[in-house]
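Starting from 1, each residue takes its place in the sequence as its number. Below, each value reflects all heavy atoms present in this structure, side chains not excepted, and no hydrogens, waters or symmetry copies.
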Amino acid sequence: MKNFKLLLVLFISTLCFSQQIVSEKERAQLVDEILEERFNVLLPELMDKTNIDMWLVISREYNEDPVIKTMLPATWLNARRRTILLFYRDKSKNTIEKLAVARYNVGKSIVSAWDKEKQPNQWKRLVELIEERNPKTIALNFSKDHNIADGLVKTDYEELLAALAKKYHSKITSAEQLAVRWIETRTAREMVIYNQLVDITHDIIAEAFSEKVITPGFTTTTDVEWWMRQKVTDLGLETWFHPTVDVQRASDELVGHLYSFSGRPEDMVIMPGDLVHCDFGITYLRLNTDCQELAYVLKPNETKAPQFLVDALKDGNKVQDFLTNNMIKGRTGNEILAKSLKEAKEAGFKPAIYTHPLGLYGHSAGTTIGMWDSQGGVFKDDGENYPLNPNTVYAIELNTTVNIPEWKRDIRIMLEEAGFYGEDGFRYVNGRQTNLLLIPRVKSQLGQ
């Protein structure tokens with residue numbers, strides 16, 4: 001009954017942020033429950049799919065492997081001393097052992113398997129556990145292609161090799177496929193939470209892009225950025241990057257893509273007639289969002305955005321469709337990128353696609369579909385050959401350049417929304433922007 005009430009609080013959207021966001025204690029409970037399911041249900045499946053029967057995750061306090069950070073219980077903010085996790089999968093018995101070669105149990109799932117009084121040397125105890133199980137493979141977190149799967153440090157690697165008998169050295173292999181699948185794969189329960197997470201993100205953007213925050217002729221882009229940061233803090237949330245807000249207007253020329261991230265003028269006053277853009281994301285319940293939306297600042301006597309901007313947004317939505325229609329299981333990011341760009345260009349658009357995995361990290365592990373400065377495809381060390389897998393989330397991030405005769409210039413429609421690729425294909429996690437936000441909101445009862 002207690003869990004049911006907690007789920008109701010979390011999963012039913014309301015108009016009040018404080019009712020959407022659960023307490024720290026409730027968050028910890030949810031995080032740990034989800035972690036239990038991932039260890040007991042998801043991990044055995046992933047180990048079978050990647051043909052790994054033993055996985056060692058080794059990390060030290062304040063120098064954590066990116067993978068181990070996703071495995072710690074809610075009350076552990078860091079690893080303790082040197083923490084070694086050992087996962088052993090016996091497929092014939094359909095069992096999975098979750099052991100910690102550490103002085104403590106690591107949450108409820110991972111049981112301490114080291115008594116320092118009986119065996120003072122941590123590495124020798126690890127070797128004993130390995131020898132007792134005699135695995136076919138010993139997978140470690142090292143990888144050229146995936147940074148998040150490359151968390152094993154040189155010192156720990158060398159000490160492991162020194163302690164391990166030579167006959168086991170040939171069994172050592174990279175855990176990159178397993179590590180990436182662990183990071184990228186979302187459970188059904190996580191996806192229910194993700195919907196809520198993206199909804200909160202949309203609500204914050206909608207409030208930021210309104211008369212509650214923006215007074216045209218006075219409020220600056222920097223003011224809005226810091227308002228968003230403060231809103232996140234006030235809600236008891238976190239963000240994984242500083243928000244950016246920028247404007248495009250009739251009097252300016254189109255600048256490079258890097259402008260949105262670096263080099264744009266600070267404290268730019270937002271004026272009537274501006275097309276305002278933001279890049280914003282939050283972190284909550286160990287998941288991350290990444291969203292870009294657009295707003296138009298109404299001029300006096302205007303009640304809607306100019307049709308040329310409305311049409312430009314529709315062009316951006318069409319480019320999104322070219323991309324998401326090409327997201328098919330087994331295709332690599334470079335294949336999806338090339339086909340989507342080709343089709344969009346043949347349809348008369350000027351697209352750029354730079355979609356990345358999203359989940360336990362903002363720029364997460366998985367299938368990378370282009371980068372803003374690599375429209376010919378990403379290189380090997382960015383995971384060019386990694387295929388699209390189901391039950392994964394992506395920031396559908398892209399832009400299209402549109403000529404606006406009324407402004408005598410090109411503009412860039414930059415969009416980003418969380419999307420889920422499942423067994424039944426692609427869907428947006430919580431919808432996508434198809435209409436420009438208006439600043440201020442039109443009050444139809446006043447005949448505006």
side-chain contact (heavy atoms from CB on, under 4.5 Å) assessment of Leu85 paired with Trp55: CA-CA 8 Å; Leu85 306 183; Trp55 186 18; over 6 Å; no

side-chain contact (heavy atoms from CB on, under 4.5 Å) between Ile413 and Asp315, intermediate numbers included: CA-CA 8 Å; Ile413 297 297; Asp315 287 349; 6.0 Å; no

Would you call [X]-[Y] a salt bridge at under 4.0 Å N-O?
X	Y	answer
Asp156	Arg60	yes
Lys49	Glu45	no
Lys318	Asp311	no
Asp32	Lys108	no
Arg249	Asp274	yes

Side-chain donor/acceptor of [X] to backbone N/O of [Y], under 3.5 Å:
X	Y	answer
Ser340	Ile336	yes
Asn326	Phe322	yes
Asp203	Ile200	no
Arg427	Tyr421	no
Arg286	Val31	no
Asp53	Thr137	yes
Thr355	Glu397	yes
Glu406	Phe308	no
Tyr354	Thr368	no
Thr392	Thr185	no

Judged by modelled atom types alone, do [X] and [Y] share a side-chain donor-acceptor pair under 3.5 Å?
X	Y	answer
His277	Gln248	no
Thr95	Asp90	no
Tyr386	Glu184	yes
Asn94	Arg89	yes
Gln433	Glu417	no
Trp240	Asp290	no
Asn40	Lys98	yes

Indicate the atoms forming the closest heavy-atom contact of [X] with [Y], along with that distance.
X	Y	answer
Thr289	Phe241	O-CE2, 4.4 Å
Ile204	Trp227	O-CZ3, 3.8 Å
Ala206	Leu437	CA-CD1, 4.2 Å
Asp267	Thr222	N-OG1, 2.7 Å
Gly217	Met271	CA-SD, 3.6 Å
Val319	Pro351	CG1-CB, 3.9 Å

Tyr296/Glu302 under side chain to side chain donor-acceptor pair (under 3.5 Å): CA gap, chis, key distance, verdict: CA-CA 11 Å; Tyr296 175 72; Glu302 282 187 323; 2.8 Å; yes

Steps toward side chain to side chain donor-acceptor pair (under 3.5 Å) verdict (Trp372, Asn399): CA-CA 9 Å; Trp372 68 266; Asn399 75 64; over 6 Å; no

Above 12 or not: heavy atoms from other molecules or residues under 6.0 Å from [atom1] of [X]?
X	atom1	result
Asp424	CG	no
Glu36	CD	yes
Lys171	NZ	yes

All pairs passing ring pair (Phe, Tyr, Trp, His ring centres under 6.0 Å) where residues 184-208 contributes a residue, at least two apart: none

Return a table of donor-acceptor pairs under 3.5 angstrom between the side chains of residues 209-216 and protein atoms on other chains or two or more places apart.
| unit_1 | atom_1 | unit_2 | atom_2 | d |
| --- | --- | --- | --- | --- |
| Ser210 | OG | Glu207 | O | 2.7 |
| Ser210 | OG | Lys212 | N | 3.2 |
| Glu211 | OE1 | Arg441 | N | 3.0 |

Aromatic ring pairing Phe39/Trp182, orientation class (parallel under 30°, perpendicular over 60°, tilted between): parallel

Residues Glu346, Lys342; criterion salt bridge (Lys or Arg N to Asp or Glu O under 4.0 Å); working and verdict: CA-CA 6 Å; Glu346 288 175 348; Lys342 180 176 182 293; 2.7 Å; yes

Output field: ring centroids His242/Trp226 closer than 6.0 Å: yes

Glu343/Lys339 under salt bridge (Lys or Arg N to Asp or Glu O under 4.0 Å): CA gap, chis, key distance, verdict: CA-CA 6 Å; Glu343 291 174 355; Lys339 197 168 190 307; 2.5 Å; yes

Audit row: Leu298, Thr303, side-chain contact (heavy atoms from CB on, under 4.5 Å) steps and yes/no: CA-CA 7 Å; Leu298 293 170; Thr303 59; 5.9 Å; no

Worked check of side-chain contact (heavy atoms from CB on, under 4.5 Å) between Leu287 and Leu358: CA-CA 8 Å; Leu287 296 172; Leu358 187 66; over 6 Å; no

Would you compute the distance between atom [atom1] of [X] and atom [atom2] of [Y] and round it to the nearest 0.5 angstrom?
X	Y	atom1	atom2	value
Asn317	Thr434	CG	OG1	6.0 Å
Gln29	Ser23	CD	OG	9.0 Å
Ile205	Thr201	CD1	OG1	6.5 Å
Leu197	Asn288	CG	CG	7.5 Å
Arg331	Ile369	CZ	CD1	10.5 Å
Tyr394	Thr367	OH	OG1	4.0 Å

Salt bridge (Lys or Arg N to Asp or Glu O under 4.0 Å) between Arg186 and Glu190, intermediate numbers included: CA-CA 6 Å; Arg186 303 274 69 79; Glu190 284 178 296; 3.4 Å; yes

Distance-only check: which donor-acceptor pairs under 3.5 Å involve side-chain atoms of residues 173-180, not counting sequence neighbours?
| unit_1 | atom_1 | unit_2 | atom_2 | d |
| --- | --- | --- | --- | --- |
| Ser174 | OG | Phe142 | O | 2.6 |
| Ser174 | OG | Glu176 | N | 3.1 |
| Glu176 | OE1 | Ser143 | OG | 2.5 |

Side chain proximity check, Met228 to Val245, heavy atoms < 4.5 angstrom: yes

